[in-house]
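Per chain, numbering begins at 1; letters A, B, ... match sequence-line order. These numbers come from the heavy atoms of this one structure, side chains and all, not from hydrogens, waters or symmetry mates.
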2 protein chains.
Amino acid sequence: MPGVGSLLNVTHQVLVVDDDPTVSDVVRRYLEQDGCRVRLAADGLSALAAVDAERPDLVVLDLMLGGLNGLEVCRRLRAGQPGLPVIMLTALGEESDRVLGLEVGADDYVTKPFSPRELALRVRSVLRRTTPAVEPGGGLLRDGELVADTGRRTAELNGRALALTVREFDLLEFLMRHPARAWSRADLLDRVWGWQFGDQSTVTVHVRRLREKIETDPGTPARLLTVWGVGYRYEPAGHA
Amino acid sequence: MPGVGSLLNVTHQVLVVDDDPTVSDVVRRYLEQDGCRVRLAADGLSALAAVDAERPDLVVLDLMLGGLNGLEVCRRLRAGQPGLPVIMLTALGEESDRVLGLEVGADDYVTKPFSPRELALRVRSVLRRTTPAVEPGGGLLRDGELVADTGRRTAELNGRALALTVREFDLLEFLMRHPARAWSRADLLDRVWGWQFGDQSTVTVHVRRLREKIETDPGTPARLLTVWGVGYRYEPAGHA
DNA sequence: TCGCGACGTCCGCACTTCGTAAGATCCTGA
DNA sequence: TCAGGATCTTACGAAGTGCGGACGTCGCGA
């Protein structure tokens, strides 16, 4: 049981489309354990809406859907966002389904009944393949004397390397990518941890730990500020 | 299964011939993720023209084509450029098609429905088979006192030859080609071993064995670093 | 046939990291 | 000023993670 931590520097968002709550629930748990943020949709129309609103990195799509047919959904997805990877859940051994699925442009398929573990592996595999290895900006996030290298997963302050843990780095990366904006603990729990629910004090503690490392005086933070009653906000300290 | 690393710096060009845009689109994405440049053609005539104009390294050819028959296209390709590898997409289970395909000289065939992942793997393997190991830079990877010769597949440290096994060399080559970036074990398993899934401890062990040979003190590695909770990263130690 | 090296897997140990709980402290509005 | 809630701080146990050692298998050459 690998149970690997977040494998990529950014938490991916996956949309799971299935009208059976039992299935989608299990799938969600597995994917979340893998460090993905997960959204659910029960039918084709809400799936299309969710894709539009949430901009997921990947869609897991059940072929057998009430209302709009899974194939039709897939086709429209492709039309709307050509690059969006789709993994299709097909009924047991329906050869014709596979043909159709792949012709409509699914990236991979998993036949029911499937082990959620296998699905999770496929998702990771497709994501790994889809996510470009090199980022446009070279993966460097810079704020004055604080520099985070997302490719290397290292950070340094005043030229000295910081020993950040996985979570700390993920949190810092997210905040530096979305500066000057207040985020609630629930937001951070969702976007950084990939949890839709959970103990928010987790965020509090990690912010504390991160401050300990990136702030000169953790008591009076200069970058990672508290927004009272709301959450936190990253304020670049960098001079022009 | 030798490393994929060798494919990565030389960009191969692949021509995909299929009259279904949804199929060719997915295929293109996969191949591009693998570092290939991809051209598309929708029918036999434009395929022949494209081969002439673009000089691809490989052709993926759908047997069922509007206009000119796939077999005929293949035959003409062979006539025009005997060395050009062709992977043929054949319809489901049509035994006769396979026979014909191979008789016309296809290097490999994939039956529909295929997963794009599978096709990409075949393309890799065919390219690896057919592309001679000559590289522009002489195939020398240099990092200070550590030099790897990808052509003759040897490495030396401080002028002394290293006895690297196949896997060890593949791993080293991949890492030296993609330095200063954190790779998860799953990434390495995928890109060096060519496995989608599998026991990640395999990577751990090989990293250890490689360290034993390239690091002065394997206990505190200077080049092949552990990124805690993520994986590994190759950090060039080389002075100017 | 035997011996050997390469390779993948497994086990146990040491260490790190994480989430949660609990108490202290701070802020806000009445 | 006071009460109530939000935030901070610390500590701890559980789970995760990496590493070294060792073992079994496979393929190859002697």
Checklist entry - When the distance from CG of L224(B) to P of dG18(D) is rounded to whole Å, what number comes out? => result 13 Å
Next on the checklist: What I want to check is whether the side chains of S46(A) and D43(A) have a donor and an acceptor closer together than 3.5 Å.
Outcome noted: yes
Next on the checklist: Please identify the 5'-most and 3'-most nucleotides of DNA chain C with any atom under 4.0 angstrom from a heavy atom of chain A.
Outcome noted: dT17(C) to dC27(C)
Item to check | Sequence neighbours excluded - salt bridge (charged side-chain N to carboxylate O under 4.0 Å, His left out) pairs with any residue from residues 221-231 of chain A | outcome: D143(A)-R223(A)
Mind listing the N/O atom pairs, protein and nucleotides 6-9 of chain D, below 3.5 Å?
{"residue": "dT7(D)", "atom": "OP1", "partner": "R185(A)", "partner atom": "NH2", "Å": "3.1"}
{"residue": "dT7(D)", "atom": "OP1", "partner": "G229(A)", "partner atom": "N", "Å": "3.1"}
{"residue": "dT7(D)", "atom": "OP2", "partner": "R185(A)", "partner atom": "NE", "Å": "3.4"}
{"residue": "dT7(D)", "atom": "OP2", "partner": "R185(A)", "partner atom": "NH2", "Å": "2.9"}
{"residue": "dT7(D)", "atom": "O5'", "partner": "R185(A)", "partner atom": "NH2", "Å": "2.9"}
{"residue": "dC8(D)", "atom": "OP1", "partner": "R211(A)", "partner atom": "NH1", "Å": "3.2"}
{"residue": "dC8(D)", "atom": "OP1", "partner": "T226(A)", "partner atom": "OG1", "Å": "2.4"}
{"residue": "dC8(D)", "atom": "OP2", "partner": "Y232(A)", "partner atom": "OH", "Å": "2.7"}

Checklist entry - Without hydrogens or angle criteria, can the side chains of T202(B) and D199(B) be said to hold a donor-acceptor pair below 3.5 Å? => result no
Item to check | Residue pairs involving residues 196-231 of chain A (criterion ring-ring contact (aromatic ring centres under 6.0 Å, His included); sequence neighbours excluded) | outcome: W193(A)-H206(A)
Checklist outcome for this item: By ring-ring contact (aromatic ring centres under 6.0 Å, His included), Y30(A) pairs with (sequence neighbours left out) none
Next on the checklist: What is the distance, to the nearest angstrom, from the CG atom on L210(B) to the C1' atom on dC19(D)?
Outcome noted: 15 Å
Checklist entry - Sequence neighbours excluded, which residues qualify as salt bridge (charged side-chain N to carboxylate O under 4.0 Å, His left out) partners of R142(A)? => result none
Checklist entry - Would T226(B) and R211(B) count as having a side-chain donor-acceptor pair, cut-off 3.5 Å? => result yes
Next on the checklist: Between L164(A) and D199(B), which residue's closest nucleotide on DNA chain C lies nearer the 5′ terminus?
Outcome noted: D199(B)
Item to check | Length of the CZ-C1' vector between R209(B) and dC23(D), whole Å | outcome: 11 Å
Checklist entry - Is the distance between the ring centroids of W183(B) and Y234(B) under 6.0 Å? => result no
